[in-house]
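One structure is given here, and the rest of the page talks about it.
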Amino acid sequence: MLGDELPEFMSKMVFSLSTRLLNITVASLCKARQLQRAETALVDAIRLGVFPDVVTYNTLVDGYCRFVSLDTGYSVVSRMCQAGIRPNAVTFNSLMAGATRRHLLSRALDLFEEMLQYGISPDLWSYNNLMHCLFKLGRPDEAYRVFHDIIVNDLSPCGATCNIMINGLCKNGYSSNALMLFRNLQRYGFVPGVVTYNVLISGLCKARRLKAASRLLQELAESGQAPNAATYTTIMKSFFRFKKFEEGLEIFALMRSKGFTFDGFAYCTVTGALVKRGRLEEANELMDEMVRDGIQLDVVSYNTKINLRCKEGKFEDAYQLLDELEKGGLECDVYTHSIIVDGLCKADDMEGALRHLKYMNSLGFKSTLVALNCIINGLGKAGDIDRALMLFESMETRDDFTYASLVHNLCKARRYRHASKILLLWLNSGLKVLRSCQRAVLAGLHDSGFKRDAKKLKLKIWKARMLRC
DNA sequence: CTAGGGTTAG
């Protein structure tokens, strides 16, 4: 009978509307990083007989992956399974994005496979994530193939697809190709938004192509769109990178005058620059202001603060922040530990630095090139160059700083013949060799009576340079 | 619900 069915139909409708309401609530709380309150909303809703659906859980998965950790994201997935709701493509996409953001790239690739095994067909976002991950792995060719497949299979790429392509090309050293892609997309009717401009401007800045970057900034303005906080942060950062600190701070002031509310990005950028310049007082003020603004600290903000404490020599405070970070449910990353290793080196506590390196390894973090470089440099400075050499032998990747630090310290110890060995390794590594290091070794050999060795080295340098062209 | 900008050595 109609009269009997109507109430049930209506109650279903009410509940489905309520679930929508719940989802909107959870989404806005997650966006504001208020995960605890989102959980409370969920509990309250269930108590009222309103049940979360796949969207509710997906929102939470994304929130946890974004602001807490990948593992907490996974635990939401297991909760949703327990509630009898099957994960869908979006669930996997959020996990993949979370893994990619945290540099857990093989995990992200596994998730893609897992999704296929689950019988869930990947959507455009899954491919977007896959591309992002491949770019981060330094496999631009494969990422490009995915992009190609998206186009060929008519999956119609969205703005994010283009952004990921442009960003990935830039990050892999193909900023010219990125610019070309940008122009091609425009030719085919793609109207770039602020984010796309930001991505390209950032890539060009990093490639030191400031002219091209400012041209795009101009174009952005001409397109009638206003630059946003990200645009300004990007420009500010590139000023700091190129040692134009005052100009960078001017942008910061400009942002203030334009009434931008500062987020963690802007605060951390400026604080990082101030710390680098040794302006610790101002850095402290800024971090306090950030907390006063009610910005919830995330891993990067904690890292920035920990760096500040280390540079102040307040290691007790730094470790306390580390505690606080973990108690708040966040997880440290490689930056956190590299910062501490660097801090200890700078404070001439080499034993402490080596101990912390071991500790971070025991936690499953691989030693970063930066951390190892700090230790190599620190050991050399402390006169313990043989230990530095041993570490150097064990390193998988080295860069010009690694070599420069060793050569410099070997020269300082007047061990020129050993220095020339390292210099040759450097030359054959394909990295750019600092002329000043080369001169120091040659002059050292010459002045300490190894004239023949100096001559031989000169010839070898010449040969290596010939071969490179 | 899903892209961009921030933190480490020189």
Side-chain angles (χ1 to χ4, degrees), chain A residues 23-24 26-28 30-31 53-63 65-66 88-98 100-101 123-126 128-129 131-132 157-168 170 193-203 205 227-238 240 243 262-273 275-276 290 298-308 310-311 333-343 345-346 368-378 399-402 404-405 408 434:
Chain A
N23 288 346
I24 293 167
V26 169
S28 69
C30 281
K31 200 166 188 183
D53 63 0
V54 66
V55 175
T56 327
Y57 281 108
N58 284 345
T59 310
L60 276 173
V61 171
D62 188 67
C65 286
R66 192 177 286 273
N88 63 13
V90 179
T91 321
F92 276 93
N93 293 347
S94 291
L95 289 173
M96 263 187 95
T100 307
R101 257 195 302 271
D123 63 7
L124 177 65
W125 277 98
S126 318
N128 285 350
N129 284 330
M131 277 167 36
H132 192 179
C158 62
T161 317
C162 305
N163 294 343
I164 290 169
M165 274 306 293
I166 290 170
N167 188 34
C170 288
V194 187
V195 175
T196 312
Y197 277 104
N198 286 350
V199 170
L200 195 53
I201 289 172
S202 150
C205 282
N228 62 13
T231 323
Y232 286 116
T233 311
T234 303
I235 310 266
M236 203 158 62
K237 168 87 180 141
S238 82
F240 291 141
K243 311 246 182 277
F262 286 16
D263 53 13
F265 285 82
Y267 276 121
C268 291
T269 308
V270 180
T271 306
V275 171
K276 238 179 211 145
M290 177 170 157
D298 62 2
V299 189
V300 178
S301 333
Y302 269 110
N303 287 345
T304 307
K305 267 189 108 160
I306 290 173
N307 186 35
L308 174 57
C310 286
K311 294 292 168 357
D333 58 9
V334 279
Y335 279 87
T336 323
H337 294 293
S338 305
I339 285 165
I340 293 174
V341 169
D342 166 52
C345 288
K346 284 263 161 50
T368 58
L369 182 61
V370 172
L372 291 173
N373 279 347
C374 292
I375 291 190
I376 294 236
N377 195 42
D399 67 359
D400 48 352
F401 183 77
T402 326
S405 172
H408 172 78
L434 276 183

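Residue numbers start from 1 in every chain, and the chains themselves are labelled A, B, ... in the order their sequence lines are given, proteins ahead of strands.
For K346(A), the listed nucleotide lying nearest its side chain is dA9(B); candidates were dG5(B), dA9(B), dA3(B). Between dT7(B), dA3(B), dA9(B), one nucleotide has an atom nearer to the side chain of K276(A) than all others, and that is dA9(B). Of all nucleotides listed (dT8(B), dG6(B), dT2(B)), dG6(B) comes nearest to the side chain of T233(A). Here dG4(B) is the nucleotide among dT7(B), dG4(B), dC1(B) with the atom lying nearest to any side-chain atom of V195(A). Comparing dG6(B), dA9(B), dG4(B) by their closest approach to the side chain of S301(A) singles out dG6(B). Closest to the N198(A) side chain, of the nucleotides dG4(B), dC1(B), dA3(B), is dG4(B). With dA9(B), dG4(B), dG6(B) as the candidates, the nucleotide lying closest to the side chain of V300(A) is dG6(B). For T234(A), counting side-chain heavy atoms from C-beta on, the closest listed nucleotide (dT7(B), dG5(B), dA9(B)) is dG5(B). The side chain of W125(A) lies closest to dT2(B) when the candidates are dT7(B), dG5(B), dT2(B). Comparing dG5(B), dA3(B), dA9(B) against the side chain of F401(A) picks out dA9(B) as the nearest.
Side-chain N or O atoms of D333(A) include one that pairs as donor or acceptor with a backbone N or O of T336(A) at under 3.5 Å. In this structure, the side chain of N93(A) does not engage the main chain of M96(A) through any donor-acceptor pair within 3.5 Å. At least one donor-acceptor pair under 3.5 Å links the side chain of D263(A) to the backbone N or O of A266(A). Side-chain atoms of N88(A) come within 3.5 Å of backbone atoms of T91(A) as a donor-acceptor pair (strictly under, hydrogens ignored). In this structure, S405(A) contributes its side chain and F401(A) its backbone to no donor-acceptor pair below 3.5 Å.
Between Y335(A) and dT8(B), no base-stacking contact is recorded for ring centres under 5.5 Å apart and planes less than 30° from parallel.
Remark: C1' of dG6(B) and CD1 of I306(A) are 15 Å apart, rounded to the nearest angstrom. The nearest whole Å value for the distance from the NE2 atom in H337(A) to the C1' atom in dT8(B) is 12 Å. Rounding to whole angstrom units, CD1 of residue I339(A) and P of dG10(B) are separated by 13 Å. At whole-Å resolution of the value, CG in L369(A) and P in dG10(B) are 13 Å apart. The interatomic distance linking N88(A) (CG) with dC1(B) (C1') rounds to 10 Å, in whole Å. For the pair F240(A) CZ and dT7(B) P, the interatomic distance rounds to 10 Å; values are reported in whole Å. One atom, CD1 of I376(A), and another, C1' of dA9(B), lie 11 Å apart when rounded to the nearest Å. When rounded to the nearest whole Å, the span between CD1 of I375(A) and C1' of dA9(B) equals 11 Å.
Looking at heavy-atom distances under 4.0 Å, K305(A) makes no contact with the nucleic acid at all. In this structure, D263(A) reaches the bases: a heavy-atom distance under 4.0 Å links it to at least one base atom across the strands shown. Using a 4.0 Å heavy-atom criterion, one finds that N93(A) contacts the bases of the nucleic acid, with or without backbone contacts as well. Contact annotation for G63(A): no contact, since no heavy-atom pair falls under 4.0 Å across all strands. D298(A) comes within contact range of at least one nucleobase, with a heavy-atom separation under 4.0 Å. In this structure, V90(A) reaches the bases: a heavy-atom distance under 4.0 Å links it to at least one base atom across the strands shown. Using a 4.0 Å heavy-atom criterion, one finds that A229(A) contacts the bases of the nucleic acid, with or without backbone contacts as well. When heavy atoms are screened at a 4.0 angstrom cut-off, S94(A) is found touching no nucleic acid atom at all. D123(A) comes within 4.0 angstrom of nothing in the nucleic acid, heavy atoms only. Among the heavy atoms of the strands, none lies under 4.0 Å from T271(A). Within the nucleic acid shown, D400(A) has no heavy atom closer than 4.0 Å to any nucleic acid atom. Within 4.0 Å (heavy atoms only), N163(A) reaches at least one base atom of the nucleic acid.
From T100(A), atom OG1 reaches atom CG of N128(A) across 11.0 Å, with rounding to the nearest 0.5 Å.
The shortest distance between the side-chain N/O atoms of K243(A) and the OP1/OP2 oxygens of dG10(B) is not below 4.0 Å. A close approach under 4.0 Å does not occur between any side-chain nitrogen or oxygen of K311(A) and OP1 or OP2 of dT8(B). Between H132(A) and dG4(B) there is a side-chain N or O to OP1 or OP2 distance below 4.0 Å. Residue R101(A) has no polar side-chain atom (N or O) positioned under 4.0 Å from OP1 or OP2 of dG4(B).
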Worksheet item: Yes or no on side-chain hydrogen bond (donor to acceptor under 3.5 Å, both in side chains) for T368(A) and S338(A), after CA distance, side-chain angles and deciding distance?
Response: CA-CA 7 Å; T368(A) 58; S338(A) 305; 2.9 Å; yes

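Using a cut-off of 4.0 Å between Lys/Arg side-chain N and Asp/Glu carboxylate O, D62(A) and K31(A) are scored as not salt-bridged.
Judged by distance alone, with hydrogens and angles left aside, D399(A) brings no side-chain donor or acceptor close enough to the base of dG10(B) to form a pair under 3.5 Å. Between the side chain of N303(A) and the base of dT7(B), at least one donor-acceptor pair of N or O atoms lies under 3.5 Å.
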